[in-house]
Amino acid sequence: MKKFVKVVETNEEVKVNNNSYIPDDFSFSILSKLPLKSLKRFGCVSKSWSLLFENPHFMNMLRNHFLSNNHRSNYGVTLLLLYDNDLPVHYTLYLLSDDRFENRVKLDLPPPIQEVVSTLYILSSTSINGILCLGNLRSRGMVSIFRAVLWNPATAEYMFIPPSPDEDVPPYRDPVCLFDGFGYDHVRDDYKLIRYIIFFDLTDDDEDVPWEDRSYDPLLEIYSLRNNSWRILDIDMRDIAHCAYDQPQDGAAVYMDGVCHWWANNDLFNLTGILVSYDFSNEVLFTTPMLLDMVESCDFIVNRRLVVLNESIALISNYSKPTTFHISILGELGVKESWIKLFIVGPVPSIKCPIGFGKKGICFKQNNDELVWIDINTQIIDEIGVRAEGYSFPMGIYKESLLSIGGINN
Amino acid sequence: MAQEASSSTSSKTISLKTGDGEIFEIEASAAKQMKTVQRLIDDLGDDITIPLHNVFSKELPKIIEYYKKDITGEITKDFEAEFVKDLNDDEVKVLFLAANYLDANKLFEFLSQNIADRLESKSVEYVRKYFGVENDFTPEEESKLREERAWSFRGIKEDE
């Protein structure tokens, strides 16, 4: 912080008054705390302000603010779900109140979940009013069966969600979930799950169900805790049915302010994409096509993933050759010109994928499954000493509350 | 100022004199949080009234109030909200500049955030005036930029 010192030689009043000019150095302290939309608008203040995003000193302050603000205490603590094939209980769930993994606290999963050896994940990677939704995929013959449980870790109360009557039914088709999410409808004070299922034909011989009675139509369904039931949503999914999605168990869904978002890749090269969003209160699914800049120096895009960072939607683009990660923030939902590149990590050949954000850096999983922190200022890689096998579960957010699940579902 | 035998810092008070000649007392532990003050104490000694040419009697008591709360460890979100509640944008700016002059980091960061929150939905012209920045665009350049960034003007009243 630079000092602003005016040497007073006489008794003359030197007032730091209302019209005083604020030098750049400490105006950056204010500007780096503004939302991206405001920063873009204030680019019209003067020429130097229009070049803020090209000013390395300012961008450093902006990046640091984004990370440190992301961890204000009212957001909750970090959740980390780890899988280890060698342990009798394969899954361990930890709370991390700071970036120091040595201080992690283990959370006991609900007893029926502790025995789970198949795929387990946290829907939307976040608690909502203290409630987490855990998803589990078990194999039954050739088919993957989904079940979910709502859980409040603070009270240890849990409740299995009844299976969807439309998803799990016939033997002739294999349901595959393209995306799912856990969210909150603040109009009805209701907790909901959304799932988008496509079906594959399983049988090629005669089955009990004749052809004319079979349906392979994709299914968009909602579960309501208040009603304790599923219902099918009548929404035209044509625009996004053909897109490629990250698997739900990789933490593809993000939830923010009553809306779940997913990234749909609609071209082979991952250059364009569609942001798919579901608003639980207005019961509307909307899509925003996105065109992003190709980065010349990098060969091709391996993957794109959404995360929530500092109350904004962020997109992590994983480039290969060289392995770099570009993180862009969406300045305004629905505005495709409002993506702003904020972080570039790399080249880092040993890194596989991002896991989460800390106060000063980003947590990644290496190719050998070891977790590391990369400091955003120095790009120094710091090994944590923790392994994360299996799927690349992103870090989640948990904020404790004593809300009763049974109290909502009467 | 009575001469005190060297005692524990917690009970010692420091005298500060503002640019307009008023004197205020703060505890030595609070003075430590204001690096400029602490540097002056280190140079001039803690028995002398420390002169602060660029801070005035209007804002210094408010700053002292903040650090008094800070040394008891009681600064909460509620306290901070209350602290700035009745201040207008210009009054906060004066405090902000004073906090910078005093090198009082915690207050400086808090006020930075508060000013950012206040400016978030303001117009370009308001921000120019607030920061004392001159518009060096030609009218054509400015309207071109506004068009490029049109999305960032949505929902903003440009005359505020």
Side-chain angles (χ1 to χ4, degrees), chain A residues 1-51 53 61 65 68-69 72-74 330-340, chain B residues 19-21 35-36 51 53-56 59 77 89-91 93-94 96-105 108-109 111-125 127-137 141-143 145-146 148-156 158:
Chain A
M1 195 170 75
K2 274 228 178 93
K3 271 180 46 167
F4 175 85
V5 179
K6 259 191 174 163
V7 177
V8 182
E9 242 94 54
T10 68
N11 256 342
E12 191 188 307
E13 207 170 58
V14 178
K15 258 191 172 303
V16 177
N17 63 20
N18 295 344
N19 298 320
S20 60
Y21 162 67
I22 301 182
D24 271 352
D25 233 37
F26 29 109
S27 64
F28 283 3
S29 289
I30 299 170
L31 296 176
S32 61
K33 296 172 172 71
L34 279 167
L36 294 176
K37 178 179 173 180
S38 306
L39 279 174
K40 276 290 179 183
R41 185 169 71 257
F42 298 157
C44 299
V45 161
S46 77
K47 286 187 177 159
S48 62
W49 282 46
S50 70
L51 299 168
F53 288 93
M61 291 185 74
H65 173 73
S68 64
N69 207 40
R72 278 189 311 194
S73 55
N74 54 342
L330 188 60
E332 178 102 316
L333 199 60
V335 179
K336 58 181 186 273
E337 313 94 324
S338 71
W339 286 105
I340 294 157
Chain B
D20 51 347
K35 299 210 191 90
T36 304
H53 300 301
N54 260 330
V55 185
F56 297 85
E59 52 268 17
K77 289 267 174 255
D89 292 351
D90 288 323
E91 286 166 335
K93 182 164 73 169
V94 169
F96 167 80
L97 290 168
N100 180 70
Y101 172 76
L102 293 170
D103 207 344
N105 195 53
F108 181 80
E109 288 295 320
L111 293 174
S112 301
Q113 181 67 62
N114 186 248
I115 294 174
D117 294 341
R118 287 164 186 256
L119 295 179
E120 186 179 322
S121 305
K122 291 285 198 260
S123 69
V124 170
E125 194 48 44
V127 170
R128 272 192 198 122
K129 289 207 182 75
Y130 192 81
F131 283 85
V133 177
E134 257 203 53
N135 180 6
D136 54 356
F137 285 119
E141 285 169 338
E142 188 176 342
S143 66
L145 192 62
R146 277 173 181 256
E148 274 170 32
R149 301 189 182 193
W151 64 271
S152 65
F153 285 84
R154 272 184 233 164
I156 303 294
E158 263 294 283

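All of these numbers come straight from a predicted model, not from anything done at the bench. In what follows, every chain begins at residue 1, and chains take the letters A, B, ... in the order their sequences are listed.
Using a distance-only test at 3.5 Å, with no hydrogens or angles considered, a donor-acceptor pair links the side chain of B:Thr36 to the main chain of B:Tyr101.
For the pair B:Lys122 and B:Tyr130, the cation-pi test (distance below 6.0 Å, angle within 45°) is failed.
Nearest heavy atoms, A:Leu330 versus A:Ser338: CD1-OG, 3.5 Å.
In this structure, no portion of B:Leu111 lies under 4.5 Å from any heavy atom of chain A. Contact of B:Arg149 with chain A is made through the side chain alone, with heavy-atom distances under 4.5 Å. With a 4.5 Å cut-off on non-hydrogen atoms, B:Glu148 does not touch chain A at all. Heavy-atom distances place the side chain of A:Val335, and not its backbone, under 4.5 Å from chain B.
Taking the six-membered ring where the residue is Trp, B:Phe96 and B:Phe108 present parallel rings, their angle staying beneath 30° rather than reaching 60°.
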